[in-house]
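Please read the structure below before turning to the comments.
Throughout, residue positions are numbered sequentially from 1 according to the sequence presented.
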Amino acid sequence: MRKDKTIFVILHIVNTIFIKMVSSNKTVNQIKAMYVLGDSSVDCGENTLFFPFLLNNLSLHPCDGPPSAILPHLLAKKIGLPYPIPFYSQNGSTEVLLRGVNLGSTGATIMSNPTNSVLQSLNQQLRQAFEIFQLLQLELGQETATNFIQSSTLFYLSFGKDDYIDIFRSKSAKSPGSNETQVSRILVDQMTNAIQYLYGSSVRKFVFMGILPLGCAPRFSQWTNNAVSGGGHSGDRVVCADEINNLILEYNAFLENRIISLNVELADAQLIFCDVYRMMMEIIKNPNAYGFENVNSACCGIGMDNGMSGCMSMNMVCKNPSTYVWWDLFNPGRVVSSLLADSAWSGQLLPDICRPTTLQKLVFS
């Protein structure tokens with residue numbers, strides 16, 4: 001009798017665990033592939049034809065180490081997915097496409113660049129995504145492909161950084177005018193069109209990354225630092241170019257507000273906005289709290305603060321890259337990207353970076 005009772009207790013416990021597992025089925029990760037669209041924030045040059053010959057004075061080594069140093073790859077790892085293979089490295093096989101693809105390209109802009117048609121604009125990357133959709137439909141059948149795209153994919157978009165770099169590096173960069181506000185609205189309108197196109201192609205889960213504070217990057221913060229201290233710095237504190245950061249904040253606000261609206265308008269779609277700007281400003285304002293010693297200079301580059309030109313040789317790399325906020329003239333280093341990934345994934349370190357929910361909750365919903 002005692003033996004039977006023991007068996008009953010064990011079976012009861014197992015049954016209880018099983019019921020809990022079934023009831024918590026919503027926590028099962030349904031994402032099988034991550035597709036990335038974007039600019040230099042998602043690509044280290046692997047997906048940009050003739051890089052770096054077309055991008056003079058940007059880095060030959062735009063990422064701190066291997067591709068795993070950039071944000072989308074760090075987040076793919078957290079999701080439990082392989083790093084999305086660059087579009088120009090995949091062979092078109094269904095097996096490869098079903099694991100996710102990185103369509104992003106260094107130098108890519110939201111608006112097509114008439115002076116450099118080789119750079120992969122937003123529309124060009126959307127066409128590549130459509131090619132992938134067509135290949136999946138041919139290989140899997142339309143219904144199976146549609147179900148896969150709708151229920152098992154996550155689309156990660158990070159654009160705008162290179163649009164604004166082009167604007168700020170132009171002749172009128174030091175005196176942005178009111179037309180930049182119109183540019184911000186136009187760029188967000190183009191992003192909205194992309195969302196609606198992807199939604200019409202059955203995509204339902206989206207992650208949008210805001211633009212980082214370019215006004216604090218070594219290339220642009222020099223404008224303000226030169227004015228404030230005759231070419232030096234205000235102590236160990238970086239003085240950011242407010243006129244640049246204000247435009248970045250404006251774009252980010254427009255994009256987030258549009259995403260809020262689309263979450264209501266698009267049935268069963270889930271879109272989140274991740275505020276990269278806010279997280280990086282927290283690090284820039286409180287570097288010691290996060291283990292950083294240098295917030296002014298790039299770890300690798302040429303010129304004052306290594307911010308006049310990019311990282312042309314790994315022999316130029318600083319001794320302790322992990323203590324630098326910036327890797328080169330425009331890009332954050334590996335440690336900063338890791339902190340951003342932790343916050344975007346679960347709200348660790350700084351909550352509410354991704355809104356209206358974390359990436360983790362989006363993936364497991």
Hey, are Glu95 and Arg99 close enough for a salt bridge, meaning a charged N less than 4.0 Å from a carboxylate O?
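Yes, charged N to carboxylate O under 4.0 Å.
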Are side-chain N/O atoms of [X] and [Y] paired as donor and acceptor at under 3.5 Å?
| X | Y | value |
| --- | --- | --- |
| Gln124 | Ser121 | yes |
| Asp39 | Ser41 | yes |
| Ser365 | Gln270 | yes |
| Gln128 | Tyr88 | yes |

Using atom types as modelled and distance alone, determine if a side-chain donor or acceptor of [X] lies under 3.5 Å from a backbone N or O of [Y].
| X | Y | result |
| --- | --- | --- |
| Gln120 | Thr48 | no |
| Asn29 | Ile31 | yes |
| Gln150 | Asn147 | no |
| Ser105 | Asn47 | yes |
| Asn286 | Ala289 | no |
| Asp328 | Ser59 | no |
| Asn252 | Ile211 | yes |
| Asn123 | Ser112 | no |
| Asn331 | Cys63 | no |
| Tyr35 | Leu97 | yes |

To the nearest 0.5 Å, what is the distance between [atom1] ([X]) and [atom2] ([Y])?
| X | Y | atom1 | atom2 | result |
| --- | --- | --- | --- | --- |
| Ser152 | Lys205 | OG | NZ | 9.0 Å |
| Leu249 | Arg278 | CG | CZ | 12.5 Å |
| Met316 | Cys300 | CE | SG | 4.5 Å |
| Leu349 | Glu282 | CG | CD | 9.5 Å |

Closest approach of [X] and [Y], non-hydrogen atoms and distance?
| X | Y | result |
| --- | --- | --- |
| Phe330 | Ala217 | CA-CB, 4.2 Å |
| Pro213 | Tyr277 | CB-CE1, 3.5 Å |
| Met280 | Pro332 | CE-CB, 4.0 Å |
| Ile284 | Val325 | CG1-CG1, 4.4 Å |
| Met281 | Cys216 | SD-SG, 3.7 Å |
| Phe168 | Phe220 | CB-CZ, 3.5 Å |

Please confirm whether Phe273 and Phe208 have ring centers closer than 6.0 angstrom.
no
Worked verdict on Thr106 versus Asp43 for side-chain hydrogen bond (donor to acceptor under 3.5 Å, both in side chains)
CA-CA 5 Å; Thr106 296; Asp43 172 50; 3.1 Å; yes
Please examine the side chains of [Y] and [X], heavy atoms only from C-beta on, and report whether any two atoms are closer than 4.5 Å.
| X | Y | result |
| --- | --- | --- |
| Thr144 | Leu136 | no |
| Phe159 | Gln190 | no |
| Tyr251 | Met191 | yes |
| Ile167 | Leu247 | no |
| Phe155 | Ile195 | no |
| Val336 | Phe292 | yes |
| Ile110 | Leu122 | yes |
| Asn193 | Leu126 | no |

List the steps and the verdict of side chain to side chain contact (heavy atoms under 4.5 Å, CB included) for Val264 and Ile260.
CA-CA 7 Å; Val264 176; Ile260 291 171; 5.6 Å; no
Using a 6.0 Å cut-off, check whether atom [atom1] of [X] has over 12 heavy atoms from anything other than its own residue.
| X | atom1 | answer |
| --- | --- | --- |
| Arg355 | CZ | yes |
| Gln134 | CD | yes |
| Tyr197 | OH | yes |

Give the intermediate values and the outcome of side chain to side chain contact (heavy atoms under 4.5 Å, CB included) for residues Leu187 and Phe254.
CA-CA 9 Å; Leu187 294 178; Phe254 285 159; over 6 Å; no
Out of curiosity, does [Y] fall in the hydrophobic cluster containing [X] (side-chain heavy atoms, cut-off under 4.5 Å, transitive links)?
| X | Y | value |
| --- | --- | --- |
| Phe130 | Leu103 | yes |
| Val96 | Tyr156 | yes |
| Ile283 | Met209 | yes |
| Leu329 | Val276 | yes |
| Tyr324 | Val317 | no |

Output side-chain donor-acceptor pairs under 3.5 Å for residues 69-85, partner residues at least two apart or in another chain, one line each.
{"residue": "His73", "atom": "ND1", "partner": "Pro67", "partner atom": "O", "Å": "2.6"}
{"residue": "Lys78", "atom": "NZ", "partner": "Asp342", "partner atom": "OD1", "Å": "2.8"}

Cystine candidate Cys299-Cys318, SG separation under 2.5 Å:
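The answer is yes, since Cys318 and Cys299 bring their SG atoms under 2.5 Å apart.
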Check against side chain to side chain contact (heavy atoms under 4.5 Å, CB included), Gln30 and Ser151:
CA-CA 7 Å; Gln30 301 294 337; Ser151 62; 5.9 Å; no
